[in-house]
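What follows is one structure encoded as structure tokens, with my remarks underneath.
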Amino acid sequence: MSKTITIIGSGNVATQLSLAFYSEGFDVVQVISRTLKNAKKLATYFQAKATTDFKELIISDIILIAVNDDCIVEVVEKIFQHKPNPYELKPLILHTSGTCSSAILKHKNWDSGVFYPLQTIKKTQIIDFREVPIIYFSDSKNTLNNIKKIAKSISDKVIVMNDEQRTALHVAAVFTNNFTNHMVAIAQDICEKEKINFKLLQPLLIETFEKLKTQRAKDVQTGPARRKDKVTIARHLEYVKRMQKEAIYSNVTGSILDFYKSL
């Protein structure tokens, strides 16, 4: 599939997606970023043009907006302000957000939609995008089919979801990844404070996620809150007070108690 792409952004998602597209034969023609140094660094991989100026925007087959959610509206305004679309050109403009509405990309002459990779992404990672779910959406049937083909060019896991479903999925992803990682970070701090080797907890962490491959999380929950072990919970609270983690321990414990109240 030979298509031209303009990448807007130079961060983690922009970098990894542009590399994935490039490896599948797409022609990355331009990188636009807030910082010229970052734009040039990414553009070097593709011998593409680099700029910070939306007046220089190249109208390619695909314009991919891969920036922070709070910057998307500003970017869209700059695109439409500085580069009104000639009628003979009809690019596909996409954003990669898990929560922003697809409607913010609406333009009377352009096709638009969502292209959201469901994965935690860093520039320095080696990512096999074939295993990364791509969540896509457009309110146009023809555009929807086009985005699906583009997504399938880099991923074997392509799922259509509307804006509401995608937002729900993003919330679930935050609980699954971000909150879980933060809990482990707290555990590491506790171990470091007490001069305990965190590797002692790694088999427990691995076993927790192995169970989730075949069982529902609510069916394998363990621990003092699940057992309604008030004595142990009280001892834990005395300990976490010293680390100023009493609130998070109390809130999570309370959530588990409420979740299993009827059991």
* Report yes if some heavy atom in the side chain of Asp111 is under 4.5 Å from a heavy atom in the side chain of Pro91; otherwise report no. => no
* **Short side-chain to backbone donor-acceptor contact, Ser23 and Ala20, under 3.5 Å** => yes
Using a 3.5 Å cut-off and no angle test, enumerate the donor-acceptor pairs between side-chain atoms of residues 189-203 and protein atoms at least two apart in sequence or in another chain.
residue	atom	partner	partner atom	Å
Glu194	OE2	Tyr239	OH	2.7
Asn197	OD1	Lys199	N	2.9

* Structure fact -> All heavy atoms of Lys228 vs all of Tyr260, minimum pair found to be NZ-O, 3.5 Å
* Structure fact -> Between Ser18 and Leu42 the two heavy atoms that sit nearest each other are OG-CD1, 3.7 Å
* Please confirm whether the backbone N or O of Asp229 pairs with a side-chain atom of Thr232, one donor and one acceptor, at under 3.5 Å? => no
* Greater than 12 external heavy atoms within 6.0 Å of Gln215's CD -> yes
* Asked: If two hydrophobic side chains count as joined below 4.5 Å and joins carry through other members, does Val220 share a cluster with Phe209?
  -> yes
* Indicate yes or no for a side-chain donor-acceptor contact from Thr6 to the backbone of Ile58 under 3.5 Å, with no hydrogens or angles considered. => yes
* **Ile248 reachable from Phe259 in the ILVMFWY side-chain graph, under 4.5 Å edges** => yes
* Asked: If only atom types and distance count, is the side chain of Thr167 paired as donor or acceptor with the main-chain N or O of Asp163 below 3.5 Å?
  -> yes
Show which side-chain atoms of residues 249-258 pair as donor or acceptor with protein atoms under 3.5 Å away, not counting sequence neighbours.
residue	atom	partner	partner atom	Å
Tyr249	OH	His236	ND1	2.5
Ser250	OG	Glu246	O	2.9
Asn251	ND2	Ala247	O	3.2
Thr253	OG1	Tyr249	O	2.8

* Co-membership, hydrophobic cluster, residues Leu118 and Val174, 4.5 Å side-chain -> no
* **Reported CG-to-CZ distance for the pair Leu169 and Arg166, which is rounded to 0.5 angstrom** => 9.5 Å
* Of all heavy-atom pairs between Leu19 and Tyr45, which one has the smallest distance, and what is that distance? -> CD2-CG, 4.1 Å
* Measure the spacing between CD1 of Ile59 and CG of Leu57 and express it to the nearest 0.5 Å. => 4.5 Å
* Which residues satisfy the salt bridge (charged side-chain N to carboxylate O under 4.0 Å, His left out) test with Glu210, sequence neighbours excluded? -> Lys213
* Assess the pair Phe26 and Tyr22: is the distance between their ring centroids shorter than 6.0 Å? => no
* Asked: Got more than 12 heavy atoms from elsewhere within 6.0 Å of NZ, Lys230?
  -> no
* **Candidate pair Val75 and Ile32, rule side chain to side chain contact (heavy atoms under 4.5 Å, CB included), full reasoning** => CA-CA 10 Å; Val75 165; Ile32 300 179; over 6 Å; no
* Asked: For Leu36, which fellow cluster members are found when Ile, Leu, Val, Met, Phe, Trp and Tyr are connected by side-chain heavy-atom distances below 4.5 angstrom, either directly or through intermediates?
  -> none
* To do: Enter the distance from Lys157:NZ to Lys152:NZ here, rounded to the nearest 0.5 Å.
  => 12.5 Å
* To do: Write down the atom of Leu205, the atom of Val184, and the distance for their closest heavy-atom approach.
  => CD1-CG2, 4.0 Å
* Can you check whether Thr15 reaches Lys122 side chain to side chain, under 4.5 Å on heavy atoms? -> no
* To do: Could you check if a side-chain atom of Ile5 sits within less than 4.5 angstrom of a side-chain atom of Asp61, using non-hydrogen atoms only?
  => no
* Rounded to the nearest 0.5 Å, what's the gap from CD on Glu24 to CD1 on Ile150? Could you check? => 13.0 Å
* Check the angle between the aromatic planes of Trp110 and Phe80 and answer parallel, tilted or perpendicular using the 30° and 60° thresholds. => perpendicular
* To do: Before accepting this row, confirm whether a basic side-chain N of the pair Asp27/Lys3 lies closer than 4.0 Å to the acidic partner's carboxylate O.
  => no
* To do: Would you name the heavy atoms of Lys123 and Asn12 that are closest together and state the gap between them?
  => N-OD1, 3.0 Å
* Please step through side chain to side chain contact (heavy atoms under 4.5 Å, CB included) for the pair Gln165 and Asn162, ending with a clear verdict. => CA-CA 5 Å; Gln165 290 172 316; Asn162 61 33; 3.2 Å; yes
* Asked: Is a side-chain donor or acceptor of Gln16 paired with a backbone partner of Ile121 at a separation under 3.5 angstrom?
  -> no
* Would you check if there is a donor-acceptor pair between the side chains of Glu56 and Thr51 at a distance under 3.5 Å? => yes
* Can the ring centroids of Phe46 and Phe21 be said to lie less than 6.0 angstrom from one another? -> no
* Within the distance-only criterion (no hydrogens, no angle test), does the side chain of Glu77 pair as donor or acceptor with the backbone N or O of Glu74 below 3.5 angstrom? -> no
* Asked: So with a 6.0 Å cut-off around CZ of Arg216, is the heavy-atom count from everything else above 12?
  -> no
* Taking side chain as C-beta onward, heavy atoms only, is Thr4 less than 4.5 Å from Ile62? -> no
* Closest heavy-atom pair and its distance - Ile7, Ala14 -> CG2-CB, 3.9 Å
Donor-acceptor contacts under 3.5 Å from residues 64-72 side chains, at least two apart:
residue	atom	partner	partner atom	Å
Asp69	OD1	Ser97	OG	3.1
Asp69	OD2	Ser97	OG	3.1
Asp69	OD2	Thr99	OG1	2.9

* Are Ile233 and Ile186 connected in the hydrophobic side-chain network, where two residues link if heavy atoms are under 4.5 Å apart? -> yes
* **Step-by-step side chain to side chain contact (heavy atoms under 4.5 Å, CB included) determination, Ile154 to Phe129** => CA-CA 6 Å; Ile154 64 169; Phe129 264 94; 4.3 Å; yes
* Asked: Just wondering, do Cys100 and His95 contact through their side chains at under 4.5 Å, heavy atoms?
  -> yes
Acceptor/donor pairs from residues 132-148 side chains to any protein atom, 3.5 angstrom cut, sequence neighbours excluded:
residue	atom	partner	partner atom	Å
Ser138	OG	Ser112	O	2.9
Ser138	OG	Ser140	N	3.2
Asp139	OD1	Lys106	NZ	2.8
Asp139	OD2	Lys106	NZ	2.6
Ser140	OG	Thr143	N	3.3
Ser140	OG	Thr143	OG1	3.2
Asn145	ND2	Lys141	O	3.4

* Asked: How long is the gap from CZ on Arg226 to NZ on Lys218, to the nearest 0.5 Å?
  -> 10.5 Å
* To do: Measure the spacing between CZ of Phe115 and CG of Leu92 and express it to the nearest 0.5 Å.
  => 9.5 Å
